[in-house]
Asks: 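What follows is a structure written as structure tokens; I'll ask about it next.
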Amino acid sequence: GLKMNYELLHKLSMEENEELKREKLFLAKRNDILHMEIETLKKMIRELQEEKTFLESEVESLKSALTFRKEQNAYEIPQYS
């Protein structure tokens, strides 16, 4: 009767608690993994931004060298043979 119902409910609630504990552990572990992935991605983004900045300055340097070369060539006296 009543005692059996109580024992069954108690058993079910204990099983449910164990299931919730497992789920909590799983979610905590998943959360940690996601945080580590986020940190890795942030680091990759920083590295790509640094590389982009470096490449942009390289491009500017090459452009100014090219401009300088063009200006030099414009002032050269053509050779007549």
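Heavy atoms only: backbone and side chains are in, while hydrogens, waters and symmetry mates are out. Computed from a predicted model, the values in this text were never measured in an experiment.
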Asks: Checking F68 against Q72 for the side chain to side chain contact (heavy atoms under 4.5 Å, CB included) test, could you report, in this order, the C-alpha distance in whole Å, the side-chain angles of both residues, the deciding distance, and whether it holds?
Replies: CA-CA 6 Å; F68 180 72; Q72 256 189 339; 3.7 Å; yes
Asks: If the threshold is 4.0 Å, N to carboxylate O, is there a salt bridge linking K11 and E15?
Replies: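 A salt bridge links K11 with E15.
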Asks: Main chain of S57, side chain of S61: is a donor-acceptor contact present, judged purely on distance under 3.5 Å?
Replies: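 No, because the side chain of S61 does not come within donor-acceptor range (under 3.5 Å) of the backbone of S57.
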Asks: Give, for atom CG of L25 and atom CG of L20, the distance between the pair rounded to the nearest 0.5 Å.
Replies: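 Rounded to the nearest 0.5 Å, the CG-CG separation comes to 11.5 Å.
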Asks: Measuring from T67:OG1 to R69:CZ, what's the distance to the nearest 0.5 Å?
Replies: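 Reported to 0.5 Å precision, the distance equals 11.5 Å.
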Asks: The criterion is salt bridge (Lys or Arg N to Asp or Glu O under 4.0 Å); which residues satisfy it with E39, sequence neighbours excluded?
Replies: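 With sequence neighbours excluded, E39 shows a salt bridge (Lys or Arg N to Asp or Glu O under 4.0 Å) to K42, given in chain and number order.
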Asks: Rounded to the nearest 0.5 Å, how far does CE of M44 lie from CD of E37?
Replies: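 E37 CD to M44 CE: 11.0 Å, rounded to 0.5 Å.
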Asks: Considering only Ile, Leu, Val, Met, Phe, Trp and Tyr, and joining two whenever side-chain heavy atoms are under 4.5 Å apart, list the other residues clustered with L12.
Replies: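 Besides L12, the hydrophobic cluster comprises L8, listed by chain and residue number.
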Asks: With a 4.5 Å cut-off on side-chain heavy atoms, are R46 and K43 touching?
Replies: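 Side-chain contact under 4.5 Å: yes.
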Asks: The criterion is salt bridge (Lys or Arg N to Asp or Glu O under 4.0 Å); which residues satisfy it with E58, sequence neighbours excluded?
Replies: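 Here no residue qualifies.
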Asks: What distance separates E16 CD from M14 CE, expressed to the nearest 0.5 Å?
Replies: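 So the gap between those two atoms works out to 12.0 Å.
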Asks: Are side-chain heavy atoms of E51 and L48 found at a separation under 4.5 Å?
Replies: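 Yes. Closest side-chain heavy atoms under 4.5 Å.
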Asks: Take a 6.0 Å sphere around CZ of R22 and say whether it holds more than 12 heavy atoms from other residues, nucleotides or ligands.
Replies: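 Count over threshold, so yes.
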Asks: I need the L66 CG to E71 CD distance, nearest 0.5 Å.
Replies: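 L66 atom CG to E71 atom CD measures 10.0 Å (nearest 0.5 Å).
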Asks: Please report the interatomic distance NZ(K3) to NE2(H10), rounded to the nearest 0.5 Å.
Replies: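 Those atoms lie 11.5 Å apart.
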